[in-house]
Number of protein chains: 2
Amino acid sequence: MTASQPPRRTRSAAGGLLSSSDVGTANRARVLQSLLESGPASRAELARRVNVQRATLSTIVTGLLQAGVLVEEDARPHAGGAGKPARPLSFAPEALLSGAVAVSRGAVETAVVDARGVLPARHRDHLPTTCGRAELERRVLEAAEGVFAAYRGRLRGIGLTVPALCDPEAGVVLSCTAVPGLEGTALPRALATRFDAPVRLEQDVRAFAIGEKWFGQGRGRTDFAALQVDVGVGAGVMLPGHLLEGVRGYTTQLGHTCIDPDGARCSCGLRGCWETVASTRWLRAEAARRGVVGGRGTSPRRLGARAAAGDAGARALLADYADNLAIGMANLVQLLSVRFFIVHGDVVHAGEDFRRLLHERVVARSMPALADGIEVLFSELDQDAGLLGAAATVLSHHLGDTPAPAHDHL
Amino acid sequence: MTASQPPRRTRSAAGGLLSSSDVGTANRARVLQSLLESGPASRAELARRVNVQRATLSTIVTGLLQAGVLVEEDARPHAGGAGKPARPLSFAPEALLSGAVAVSRGAVETAVVDARGVLPARHRDHLPTTCGRAELERRVLEAAEGVFAAYRGRLRGIGLTVPALCDPEAGVVLSCTAVPGLEGTALPRALATRFDAPVRLEQDVRAFAIGEKWFGQGRGRTDFAALQVDVGVGAGVMLPGHLLEGVRGYTTQLGHTCIDPDGARCSCGLRGCWETVASTRWLRAEAARRGVVGGRGTSPRRLGARAAAGDAGARALLADYADNLAIGMANLVQLLSVRFFIVHGDVVHAGEDFRRLLHERVVARSMPALADGIEVLFSELDQDAGLLGAAATVLSHHLGDTPAPAHDHL
DNA sequence: CCTGATTTGGTGGACTCTCGGACATATTCA
DNA sequence: TGAATATGTCCGAGAGTCCACCAAATCAGG
């Protein structure tokens with residue numbers, strides 16, 4: 001590898017055979033992955049982690065150093081035993097920059113994110129839900145302009161996340177009840193041309209999952225589900241080596257799986273969707289029906305506080321809600337043996353007691369052979385979940401999730 | 001590549017980085033895959049299919065010819081246009097032999113299968129469901145001995161399929177209500193040592209899916225679900241590039257996802273599992289309750305016949321049953337955008353009218369954005385589904401499903 | 001203060017692949 | 001008979017990893 005960084009071809013993108021040069025990019029990605037997941041390490045340490053010769057790793061690393069992606073820190077004060085002191089490698093500041101655009105009900109957030117999860121620039125704009133398509137696109141592009149302008153040409157890609165059923169390969173939003181203006185939007189293409197960077201469209205819940213994997217509690221973990229529990233419900237499921245995806249890469253719609261054939265009608269047109277009993281809308285409607293706490297104007301936070309204070313009505317309502325949530329979560333256990341859940345959304349404000357309750361109900365609704373070791377956590381990414389997720393989507397696409405070839409020798 | 005077939009190393013199995021030689025095995029596998037999926041083809045045709053230089057493909061093919069896996073047919077009578085006539089390549093008879101052992105409720109089937117889906121040897125034995133573990137293993141090994149003895153040393157692997165929740169990586173049967181003697185069985189190891197071949201343990205429904213992909217109606221299709229509808233229900237879902245699998249490769253248990261929180265108790269201990277209303281047990285019990293046709297002794301075939309003859313009771317019962325089945329199937333549509341279903345099991349005897357009914361109900365229960373183009377087929381593999389599936393499991397593991405590296409250049 | 005054990009990082013040659021272009025071959029069409 | 005077209009092969013270049021050494025830095029012990 002010369003110092004002049006020859007423009008690397010990307011044959012594999014065409015879907016053809018693997019070639020020797022693809023091996024290079026795949027392995028470079030593996031190294032960066034390890035660095036992301038398990039933190040800085042010396043060359044020798046990295047070589048052990050990814051199970052490769054030190055020599056090989058050395059050549060990979062020198063390439064990345066020259067490219068300015070990694071930096072070499074000073075030798076550390078020597079850990080234990082003898083030997084030449086290791087020189088840890090870590091990501092350079094502002095390495096692997098990616099743009100993040102997270103559209104949600106009522107707001108657009110925009111940011112630039114680097115490989116360490118640092119956000120050197122960010123912004124948040126209000127977005128009226130009644131916005132038409134053209135108006136919405138104008139606002140989003142304007143917001144992006146403000147944040148991305150200073151980084152033009154340095155973004156490896158832009159992650160655009162939306163609360164919708166979409167086809168990430170084609171970059172098409174198929175159906176979106178939360179922000180109607182998004183349906184059929186041309187934003188992916190518009191962002192790509194405006195900032196000359198590849199754009200990855202992704203569903204919000206799936207982005208949460210990817211974000212948790214690189215920057216949150218999913219770090220170093222191969223499999224877990226990220227749940228969004230708010231006015232809608234959904235899940236992004238991370239399995240060993242990849243994100244769960246449907247045909248053509250379609251995003252999953254756990255919220256609209258049927259859990260009660262005679263249930264209430266859902267906004268999607270079907271009957272008995274999990275969302276009808278698991279969203280915070282149900283919680284509010286039910287509070288009103290039962291005459292609990294704030295009625296329709298209540299919130300998970302208020303209910304949690306009242307339950308903690310001993311309010312029997314609030315406590316009963318939350319117990320029922322936990323059970324409702326547990327139905328869909330347990331279905332993931334049965335279907336995919338997922339045992340680790342990271343919950344996002346308004347519901348995390350219901351408090352620790354609710355988390356324990358939820359955990360208990362999920363265990364109770366899971367097959368005995370799979371119920372051991374189930375964990376339910378509330379996300380700690382908080383405000384940044386959406387943006388980090390959007391950025392991680394880009395990162396994940398660059399780095400791939402190395403597909404361990406399962407072939408035997410032939 | 002010399003004629004002496006040097007023993008190829010299998011580094012990638014260790015989980016390390018990819019190396020150039022891994023590229024070789026992956027590409028060889030790709031070629032064989034294309035041959036399996038799309039039938040015989042000339043070198044040039046293959047090169048176009050897998051998107052590679054003719055020269056490269058030539059070297060790959062000569063290796064496979066020398067190894068006796070492929071054979072070169074005579075030049076075909078010339079299709080269209082000018083040019084040197086192509087010489088099609090196809091699998092040699094008895095190429096890529098694998099052993100198949102399918103244990104089901106009441107029977108063990110054993111066979112040897114080649115790459116074309118031909119079964120040069122097969123056998124079927126009765127297997128009492130009350131069998132203890134030791135007795136069961138003895139019977140299965142004996143059956144295998146009879147069929148595999150003549151092929152010792154020529155089997156690339158043995159596929160063992162069971163109606164159970166299992167961990168294919170570890171080769172462990174975790175939970176099995178249909179054939180209790182299987183739980184915790186040592187059969188995988190026993191078969192491996194006895195016949196000196198790697199053994200792949202797999203859940204029956206997932207094997208159905210793989211079998212359909214290589215040898216049945218799933219041929220050339222990237223995504224579909226194979227359903228088993230019998231005294232139990234389940235599904236194996238094939239997605240682009242891989243079979244749906246849970247954490248650690250655990251098999252999926254669609255039959256035990258909850259579709260009615262207040263439903264009947266299931267054999268697994270939970271409540272409202274899909275299986276409680278979708279298995280033919282429900283059909284029989286409900287027939288008895290309603291006093292339809294043969295009551296508890298009825299069958300899908302008899303019900304279908306009576307419905308076709310105009311029996312209103314049979315017709316109503318089948319309609320309800322179709323709707324019950326549709327709930328779980330539509331959940332797969334919502335969750336994974338699966339649109340193509342291949343149904344196995346006793347229910348296929350209910351007839352064409354029932355198939356149409358089922359299709360209609362699945363469409364009705366699917367999200368509008370995903371309901372287009374849904375198809376429901378009855379499997380045509382029939383008697384061979386189990387054995388071909390078991391064999392295809394081995395094949396699939398050898399050939400992998402080439403993981404198209406999604407990385408961009410780095 | 002020197003020596004050996006130990007660990008880190010670098011170098012050069014061998015090996016395994018695919019790629020790209022040039023070349024021989026076989027068949028059809030004018 | 002000759003041009004056009006398509007198939008199959010040969011050979012050198014390029015990319016990457018592996019392996020076996022070698023140099024550098026640190027620590028323990030005499």
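In what follows, chains are A, B, ... by sequence order, proteins preceding strands, each numbered from 1.
- Counting only heavy atoms from C-beta outward, the side chains of B:Leu32 and B:Leu70 approach each other to under 4.5 Å.
- For A:Phe148, the ring pair (Phe, Tyr, Trp, His ring centres under 6.0 Å) partners are A:Phe195, not counting sequence neighbours.
- Surrounding CZ of B:Arg189 are at most 12 heavy atoms belonging to other residues, nucleotides or ligands under 6.0 Å away.
- Between the CG atom in A:Asn51 and the CG atom in A:Leu57 there is a gap of 11.0 Å [rounded to 0.5 Å].
- The distance between atom CD of A:Glu72 and atom P of C:dG9, rounded to the nearest whole Å, is 7 Å.
- Following rounding to the nearest Å, B:Gln66 (CD) and D:dT9 (C1') show an atom-to-atom distance of 14 Å.
- For D:dT9, one of the phosphate oxygens OP1 or OP2 lies less than 4.0 angstrom from a side-chain nitrogen or oxygen of B:Ser58.
- Each of C:dC17, C:dG10, D:dG8 was ranked by its minimum atom distance to the side chain of A:Arg43; first place goes to C:dG10.
- Applying the salt bridge (charged side-chain N to carboxylate O under 4.0 Å, His left out) rule to pairs touching residues 55-64 of chain B yields nothing, sequence neighbours excluded.
- Comparing atom distances between the B:Val23 side chain and each of D:dT26, D:dT17, C:dC17 picks out C:dC17 as nearest.
- Looking at B:Ser20, its side chain comes within 3.5 Å of the base of C:dT16 through a donor and an acceptor atom.
- Contact of B:Arg54 with D:dG8 (side chain to base): a donor-acceptor pair of N or O atoms is detected under 3.5 Å.
- Here D:dT17 is the nucleotide among D:dT9, D:dT17, D:dT26 with the atom lying nearest to any side-chain atom of A:Thr59.
- Nearer the 5' end of DNA chain D, as judged by each residue's closest nucleotide, is the contact made by B:Glu45, out of B:Ala55 and B:Glu45.
- Nucleotide D:dA15 holds its C1' atom 12 Å from the CD1 atom of A:Ile60, rounded to whole Å.
- Look at A:Gln53 and you'll find a side-chain N or O under 4.0 angstrom from OP1 or OP2 of D:dC19.
- The nearest whole Å value for the distance from the CD atom in A:Glu73 to the C1' atom in C:dT8 is 16 Å.
- Between the CZ atom of A:Arg28 and the P atom of D:dT17 there is a distance of 8 Å, given to the nearest Å.
- As a whole-Å value, the separation of B:Asp22 CG from C:dT16 P is 13 Å.
- Close to D:dT17, at under 4.0 Å from its OP1 or OP2, lies a side-chain N or O of A:Asn27.
- Of the listed nucleotides (D:dT7, C:dC19, C:dT7), D:dT7 has the atom at the smallest distance from the side chain of B:Lys84.
- Side-chain N/O atoms of A:Arg48 include one lying less than 4.0 angstrom from OP1 or OP2 on C:dT8.
- Look at A:Thr56 and you'll find a side-chain N or O under 4.0 angstrom from OP1 or OP2 of D:dC18.
- In this structure, the CG atom of A:Asn51 is 13 Å from the C1' atom of D:dC18, given to the nearest Å.
- In this structure, B:Leu46 atom CG and D:dA6 atom C1' are separated by 15 Å, rounded to whole Å.
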